[in-house]
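What follows is a short report on a single structure.
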Amino acid sequence: MHTQVGIIGAGPAGLLLSHLLHRHGIESVVLETRGRDQIESTIRAGVLEQNTTDLLIEAGVGERMKAEGAVHHGFELAFEGKRRRIDLTALTGHSITVYAQHEVLKDLVAARIAANGSVFFNVSNTSISGIETDAPSIRFTHGGVEHTLHCDFVIGCDGSQGVSRASIPSARRRDYECVFPFGWFGILVEAPPTSDELIYARHERGFALVSTRSPSVQRMYFQCDPKDSTENWSDDRIWSELHARVDSVDGATVTEGRIFQKNIVGMRSYISSTMQHGRLYLAGDAAHIVPPTGAKGLNLAVSDIRILAKALQAFYSEDRTDLLDAYTDTALKRIWRAEHFSYWMTRLMHRLDGVSAFEQRLQVAELEHVTTSHAAALAMAENYVGTSAV
Ligand code: FAD
Ligand code: DHB
């Protein structure tokens, strides 16, 4: 089997890359360990930057998002029993769109299938060889048969647990990591929205986030022990925790409903600052992880792909290698900005065990500043909507 670009992973990064390459006449094959149903139903991120929505629309995969996604012009910060609004559009001229990651995936899979694109689901035993040559290959098993995919480039879009990153010799890799001692408990709820906009809440008991998915389905999160189990949390216990953390003194309260999904995710910051080696390039979660507080994970994956698609296009149409050579340096500027913002917002909003009462009050002082100073609000808003990047 031969293709121009072999892509490992059918997450947002891999599928978007395959789609963009197709639009420029470049052939690719996508290999994915999970089934189509599984990738189209796993609940993950929900906030899309305008950079992301603009790219999806321009690439012809934004129709359903435009119809079903909700454009938000601001969000609320809840602390000390009150809520203060960050007016994203007034501050930056930009907005964000709430549209679930698995809906983006459905749109991308549909587009690849409509174009007769080659996507292999349920593959196993993926391994990469020859990345230091001009003819790398990917071995994999599909339907019980072993295959070798020969290609010009291998793009590792296989997330944080994939095989691609480990294919770069460890002596050539430089990693940076920070693991947070807390996680997020996430729920999906059948209920009307609590508020018109997202609410990020800082409370002594811990962080909470009220987000949305549709007029009848809401997404909420609260800070928890990453080793805790969803079994320990009855619906009553979840609601009393969310009320304690989010309700305001003026009576504004979280709207309850039937909880139909519960999950816990750990939180960490991670960067592999080596994003390319020979003919292997890493994109998205395969190269970096952010804690979800700043809603950057999916958007960063898309921004890596924007850069990489352009570089591959320059290679195939003009025989240029300069953009490919510069890929890591170009992508890392935005990645480090997003890493800093996500880390800053995480430490601003979460209960930090082991820090002094003084430092806990500094969080409140900073929230007062961010919600009263135009300059401080603008800095937060620029980062949140994604316009402060290079
Ligand atoms: P992924 O979406 O991880 O896609 C990688 C794909 O590669 C997967 O489908 C995987 O099955 C496949 N794969 C792995 N190994 C192999 C292999 N060896 N061979 C072939 N295929 C392979 N971000 C936010 O901003 N907000 C959130 O609330 C949020 N929640 C999250 C919850 C969870 C549980 C996780 C894991 C992430 C969450 N994120 C969130 C982050 C965001 O979803 C990711 O940043 C985004 O999915 C990155 O896209 P990606 O394409 O790089 O990687
Ligand atoms: C959602 C997730 C986030 O990480 C975030 O910061 C905001 C919203 C969500 O899943 O809706």
Side-chain angles (χ1 to χ4, degrees), residues 6-18 29-36 38-40 42-49 52 69-70 72 75 96-102 104-105 108-109 119-128 138-142 149 154-167 183-184 186-188 197-200 207-214 217-221 263-268 270 282-305 335 338 341-342 345-346 349 384 386:
I7 300 172
I8 308 183
L15 287 169
L16 180 62
L17 179 62
S18 180
V29 171
V30 181
L31 306 174
E32 167 61 50
T33 44
R34 296 186 302 155
R36 180 176 173 185
Q38 229 179 330
I39 70 158
E40 290 188 348
T42 306
I43 305 299
R44 289 197 179 174
V47 171
L48 308 183
E49 290 175 1
T52 300
H72 287 210
F75 64 80
I96 52 118
T97 299
V98 179
Y99 186 64
Q101 177 166 332
H102 66 281
V104 175
L105 288 179
L108 288 168
V109 170
V119 183
F120 289 82
F121 291 104
N122 300 304
V123 306
S124 54
N125 306 319
T126 327
S127 68
I128 307 170
I138 310 169
R139 292 179 68 159
F140 65 99
T141 306
H142 184 252
L149 175 66
V154 176
I155 314 297
C157 299
D158 47 354
S160 57
Q161 311 295 325
V163 292
S164 302
R165 195 174 57 237
S167 305
W184 276 14
I187 57 170
L188 278 172
E197 297 180 334
L198 271 57
I199 305 168
Y200 288 84
F207 170 75
L209 168 59
V210 177
S211 180
T212 184
R213 284 291 179 269
S214 73
V217 174
Q218 312 311 319
R219 179 76 167 144
M220 302 182 197
Y221 302 93
N263 73 318
I264 293 178
V265 289
M267 291 179 51
R268 68 191 177 109
Y270 169 81
L282 305 178
D285 278 18
H288 41 75
I289 299 291
V290 285
T293 325
K296 290 288 160 222
L298 170 56
N299 295 295
L300 269 188
V302 169
S303 94
D304 288 353
I305 294 306
I335 293 162
F341 175 65
S342 305
M345 198 158 159
T346 298
M349 302 302 298
Y384 192 81

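Predicted model, so just to flag it, every value in this text is computed and none were measured. Both counts, for ligands and for their atoms, begin at 1 and track the order of listing.
- Inter-residue side-chain proximity for W184 and P292 is flagged as met; some heavy-atom pair is nearer than 4.5 Å.
- The single protein non-hydrogen atom nearest to atom 43 (O) of ligand 1 is Q101 OE1, 2.7 Å, given as residue, atom name and distance.
- Here the heavy atom of the protein found nearest to atom 8 (C) of ligand 1 is E32 OE1, 3.5 Å.
- Counting heavy atoms closer than 4.0 Å to ligand 1, residue D158 contributes atoms from both its backbone and its side chain.
- Of the protein's non-hydrogen atoms, A45 CB, 3.3 Å is the one closest to atom 24 (C) of ligand 1.
- In this structure, R44 has no side-chain hydrogen bond (donor to acceptor under 3.5 Å, both in side chains) partners at least two apart in sequence or on a different chain.
- Near G11, meaning under 4.0 Å from one of its heavy atoms, ligand 1 places the atoms 2 (O), 4 (O), 6 (C), 51 (O).
- Remark: minimum distance from atom 50 (P) of ligand 1 to any protein heavy atom is reached at P12 CD, 3.9 Å.
- Residue contact check for ligand 1: Y221 places a non-hydrogen atom closer than 4.0 Å to it.
- Atoms of ligand 1 found under 4.0 Å from any heavy atom of V163, numbered from 1 in the order shown, are 18 (N).
- I96 is not listed as a side-chain neighbour of F75, based on a closest heavy-atom distance of 4.5 Å or more.
- When all heavy atoms are compared, the tightest approach of V30 to G14 is CG2-O, 4.3 Å.
- Scanning all protein heavy atoms for the shortest distance to atom 19 (N) of ligand 1 gives T126 OG1, 3.0 Å.
- By the 3.5 Å distance cut-off applied to N or O atoms, R34 is counted among the residues near ligand 1.
- Of the listed residues (Q218, R219, E197), just one forms a side chain to side chain donor-acceptor pair (under 3.5 Å) with T212, and that residue is Q218.
- Between A13 and ligand 1, at least one pair of N/O atoms sits closer than 3.5 Å.
- Remark: E32 engages R34 in a salt bridge (charged side-chain N to carboxylate O under 4.0 Å, His left out) (not counting sequence neighbours).
- For the pair L198/S211, a side-chain contact is recorded, criterion being any heavy-atom separation below 4.5 Å from C-beta on.
- With respect to atom 3 (O) of ligand 1, the closest heavy atom belonging to the protein is R44 NH1, 2.9 Å.
- Of all protein heavy atoms, the one lying nearest to atom 13 (N) of ligand 1 is T33 OG1, 3.6 Å.
- More than 12 non-hydrogen atoms from other residues, nucleotides or ligands lie less than 6.0 angstrom from CZ of R268.
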List below, pair by pair, the N or O atoms of ligand 2 and of the protein that are less than 3.5 Å apart, including the distance to 0.1 Å; reply 'none' if no pair qualifies.
from     : atom 1 : to   : atom 2 : distance (Å)
ligand 2 : 4 (O)  : P292 : O      : 2.7
ligand 2 : 6 (O)  : Y200 : OH     : 2.8
ligand 2 : 6 (O)  : P292 : O      : 3.1
ligand 2 : 6 (O)  : T293 : O      : 3.3
ligand 2 : 10 (O) : R213 : NH2    : 2.7
ligand 2 : 10 (O) : Y221 : OH     : 2.5
ligand 2 : 11 (O) : S211 : OG     : 2.6
ligand 2 : 11 (O) : R213 : NH1    : 2.8
ligand 2 : 11 (O) : R213 : NH2    : 3.4

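- For ligand 1, the polar-atom distance check finds no N/O of G14 at less than 3.5 Å from any of the ligand's N/O atoms.
- Between V29 and I138, the closest side-chain pair of non-hydrogen atoms is not below 4.5 Å.
- Counting only heavy atoms from C-beta outward, the side chains of T52 and V104 never approach each other to under 4.5 Å.
- On a distance-only criterion, D285 and ligand 1 share at least one N/O pair closer than 3.5 Å.
- Nearest-heavy-atom check against atom 15 (N) of ligand 1 across S342, G162, G186 picks out G162.
- Take A13 and apply the side-chain contact (heavy atoms from CB on, under 4.5 Å) test, not counting sequence neighbours, and it matches C157, A301, I305.
- Contact annotation for K296 and ligand 1: only backbone heavy atoms (N, CA, C, O) come within less than 4.0 Å of the ligand.
- Side-chain atoms of V47 and Y384, non-hydrogen and from C-beta on, do get closer than 4.5 Å to each other.
- Less than 4.0 angstrom separates atom 39 (N) of ligand 1 from none of the non-hydrogen atoms of the protein.
- Two residues are said to be in side-chain contact when any heavy atoms from C-beta on lie closer than 4.5 Å; F207 and T346 fail this criterion.
- The two residues D304 and I335 have their closest heavy-atom pair at OD1-CD1, 3.7 Å.
- Counting heavy atoms from C-beta outward, S303 and E49 have side chains that stay 4.5 Å or more apart.
- Of the protein's non-hydrogen atoms, the one nearest atom 5 (C) of ligand 1 is C157 O, 3.3 Å.
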